[in-house]
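Below, read A as the first sequence line, B as the second, and so on, with proteins coming before strands; counting in each chain starts at 1.
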Number of protein chains: 2
Amino acid sequence: MDKSQWRVGELASRTGLTVRTLHHYDQIGLLRPSQRTMAGHRFYGREDIARLQQIRSLRQLGLSLQEIAVCLKRPGSSAKDILELHLTRLQEQIRLQQQLCRRLEALAERFGDSEGPSTDDLLKTIEVMTMFEKYITPEQMEKLDRRRVELGEEGIKAAEQEWPQLIAAMRAEMAKGEPPSERAQQLSRRWMELVSQFTGGDSGLAQSVRTAYEQEPGLATQFGLDGQLFAFVGKAYAAAKAGS
Amino acid sequence: MDKSQWRVGELASRTGLTVRTLHHYDQIGLLRPSQRTMAGHRFYGREDIARLQQIRSLRQLGLSLQEIAVCLKRPGSSAKDILELHLTRLQEQIRLQQQLCRRLEALAERFGDSEGPSTDDLLKTIEVMTMFEKYITPEQMEKLDRRRVELGEEGIKAAEQEWPQLIAAMRAEMAKGEPPSERAQQLSRRWMELVSQFTGGDSGLAQSVRTAYEQEPGLATQFGLDGQLFAFVGKAYAAAKAGS
DNA sequence: CTAGAACCTTACGTTACGTGAGATGCAAGC
DNA sequence: GCTTGCATCTCACGTAACGTAAGGTTCTAG
């Protein structure tokens, strides 16, 4: 016949919990043993075991000890409410973590194969990503993702190679002073093409990107850009359109 | 022209962090301002800002402050490794949380509409679920889920209604003593049918369930079952098969 | 020169325990 | 009866990343 009293150590090893955990539950009043010896040793009875089972179950569902205490204190409708609340919180958390995961995967994809000590590049890329994400809505981000898929691996690499050249060339033209030369106007056309390729012709997105560049000077300087250059490109493109 | 020194408050409001956070970063050595006034007031320079940007970026990716410190201390290949490790951890976390979510959703589905103070039932169900999950692999769990979908809403309800009746009837037969009566043999056939319906004919699953019932006496008593009854059903079914 | 804002340090609170430290209890063998 | 060894007890600090005072000093505008 089974005994109906257990000491902490026995209970701990039977349930897989630790003695410290049971002490803790006792301390916060979540599970106080129904009996104590004169020396203060804890003795748990059958009802304590039952309660502990419930506690473990709720714990496995991710509830906090406080929430569990509420659930067990008033077995009214509170348990259901708490579980529902918990569920929505959990779903929201998962959503956020999945977003995070996508970002990390995007990073891994870009830097998974490069062997060199590219941590600097990595940090820069992360910075650019986070800055962008401040000004761009998730929907726009998705649009950008789809756009990237459409462009394909090579398209992206090509654009990444072309941009610095284009920026350097444009800066050289700007150094020659205004009005923008014929060459500058050609470059500005290509510039706008690349921008359009990037945004997929979404003007709202283009506007958001502009705002990001305006508000975050650090972002622009990452690519050797600044307001002056933007202004020059704008003039050159206006001249190009007027000339055509 | 912008100034190149900022005080904590300014930096805090510009970055959206709190003064306390910057204090904290200073305290743990993650971001120490490059200057201090004689009175001890912190002054952050451009390079501090840059570092803070990196810190914020990595923070947004979910890295711990310690990990960030490592990333920034040795810009070797450590950053990439840490990010990859972080990604795998995150994916694992998401997986676990999604499992949890499914369980909670299953609970919500069962108890979402019942208005009464069914918290007791709720707790019992949770207990049964968690006990089962101790003995059943996730694959088997999925199999059960699919099985439930196949049975449909009504099938489940019907089985839930039938089981208690069947158990009670069987217990009555057992009280009449052995050998099992004709009626008991009939009941045992139906019993096995229901079990088979539940497990979908998966013998491994049936074995796991049996193990669960054997190892967890609390589980069986939830449904008015015990070893004696199981034994009787076994005998009755054996007699039924022998008789046919 | 003074009021008020900004700043400083110190330190406790948060979660669910882990990990000792030092003291005592309990059953068994001598 | 006494010791040995294991189980148990009660503090009490540590964890992560800050929040939130408390109480004192410094800066800055009027």
Side-chain angles (χ1 to χ4, degrees), chain A residues 3 5-44 48 52 54-72 82 86 89-90 93 96 100, chain B residues 3 5-44 48 52 54-72 82 85-86 89-90 93 96-97 100:
Chain A
K3 53 187 172 182
Q5 294 280 95
W6 292 269
R7 299 187 297 175
V8 264
E10 295 170 335
L11 189 51
S13 61
R14 279 174 53 96
T15 59
L17 300 175
T18 70
V19 172
R20 177 64 177 104
T21 298
L22 293 172
H23 280 181
H24 185 58
Y25 290 172
D26 185 5
Q27 194 178 348
I28 65 174
L30 183 58
L31 178 68
R32 337 207 81 130
S34 47
Q35 293 233 348
R36 288 253 198 167
T37 69
M38 301 148 302
H41 288 197
R42 293 165 177 82
F43 272 86
Y44 295 86
D48 298 329
L52 183 55
Q54 298 184 330
I55 292 172
R56 289 188 59 196
S57 302
L58 293 172
R59 196 83 247 279
Q60 285 212 11
L61 295 183
L63 294 191
S64 74
L65 299 186
Q66 262 199 30
E67 291 169 326
I68 294 175
V70 173
C71 278
L72 297 183
I82 289 182
H86 185 58
R89 276 189 324 213
L90 193 58
Q93 235 189 75
L96 291 176
L100 243 184
Chain B
K3 53 187 172 181
Q5 295 280 96
W6 291 270
R7 297 184 300 173
V8 265
E10 295 171 334
L11 189 51
S13 61
R14 279 173 53 95
T15 59
L17 301 174
T18 71
V19 172
R20 177 65 178 103
T21 298
L22 293 172
H23 280 182
H24 186 58
Y25 290 173
D26 186 4
Q27 195 177 347
I28 64 173
L30 183 58
L31 178 68
R32 337 207 83 130
S34 46
Q35 292 231 348
R36 288 254 197 165
T37 69
M38 299 149 302
H41 288 197
R42 293 166 177 82
F43 272 86
Y44 293 86
D48 298 330
L52 183 55
Q54 298 184 330
I55 292 172
R56 289 188 59 198
S57 301
L58 293 172
R59 196 85 245 279
Q60 286 212 9
L61 295 182
L63 294 191
S64 74
L65 299 187
Q66 262 198 31
E67 291 170 326
I68 294 175
V70 173
C71 277
L72 298 183
I82 290 181
L85 175 63
H86 185 57
R89 276 188 324 213
L90 193 57
Q93 234 189 79
L96 291 176
Q97 288 184 334
L100 243 184

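The nearest whole Å value for the distance from the CG atom in B:Asp26 to the P atom in C:dC8 is 9 Å. D:dA7 atom C1' lies 14 Å from atom CG of A:Leu22, rounded to whole Å. Spacing between atom CG of B:Leu11 and atom P of C:dC8 amounts to 11 Å, rounded to whole angstrom units. Whole-Å rounding puts the B:Leu65 CG to D:dT15 C1' distance at 13 Å. Rounded to whole Å, atom C1' of D:dT8 lies 19 Å from atom CH2 of A:Trp6. To the nearest angstrom, P of D:dA16 lies 12 Å from CZ of B:Arg59. Atom-to-atom, CG of B:Leu63 to C1' of D:dA17 comes out at 14 Å; the value is rounded to the nearest Å. At whole-Å resolution of the value, CD in A:Gln27 and C1' in C:dT14 are 15 Å apart.
Here A:His23 reaches the OP1 or OP2 of D:dC9: one of its side-chain N or O atoms lies under 4.0 Å away. Side-chain nitrogen and oxygen atoms of A:Tyr25 include none within less than 4.0 Å of the OP1 or OP2 phosphate oxygen of C:dA16. Residue B:Thr37 places none of its side-chain N or O atoms closer than 4.0 Å to OP1 or OP2 of D:dT26.
The shortest distance between side-chain heavy atoms of B:Val19 and B:His23 falls below 4.5 Å. At a threshold of 4.5 Å between non-hydrogen side-chain atoms, the residues A:Leu96 and A:Leu100 do not count as touching.
The residue among B:Thr18 and B:His41 whose nearest nucleotide of DNA chain D is located toward the 5' end is B:Thr18. Comparing A:Gly9 and B:His24 by the nucleotide of DNA chain D that holds the closest heavy atom to each, the one mapping nearer the 5' end is A:Gly9. Positionally, the nearest nucleotide of DNA chain C for A:Thr21 lies more toward the 5' end than for the other of A:Ala39 and A:Thr21.
The pair A:Glu10-A:Arg42 does not meet the salt-bridge criterion, since no charged nitrogen lies less than 4.0 angstrom from a carboxylate oxygen. A:Arg36 and A:Asp26 are joined by a salt bridge, as a carboxylate oxygen and a charged side-chain nitrogen come within less than 4.0 angstrom of each other.
Between the CD atom in B:Gln54 and the CG atom in B:Leu31 there is a gap of 10.5 Å [rounded to 0.5 Å].
Which of C:dA6, D:dT20, C:dC17 sits closest to the side chain of B:Arg7 comes down to C:dA6. When distances run from any side-chain atom of B:Val8 to the nucleotides C:dG18, D:dT8, C:dC8, the shortest one goes to C:dC8.
Interface remark: the A:Arg20 side chain does form a donor-acceptor pair with the C:dT19 base, using a distance-only criterion of under 3.5 Å.
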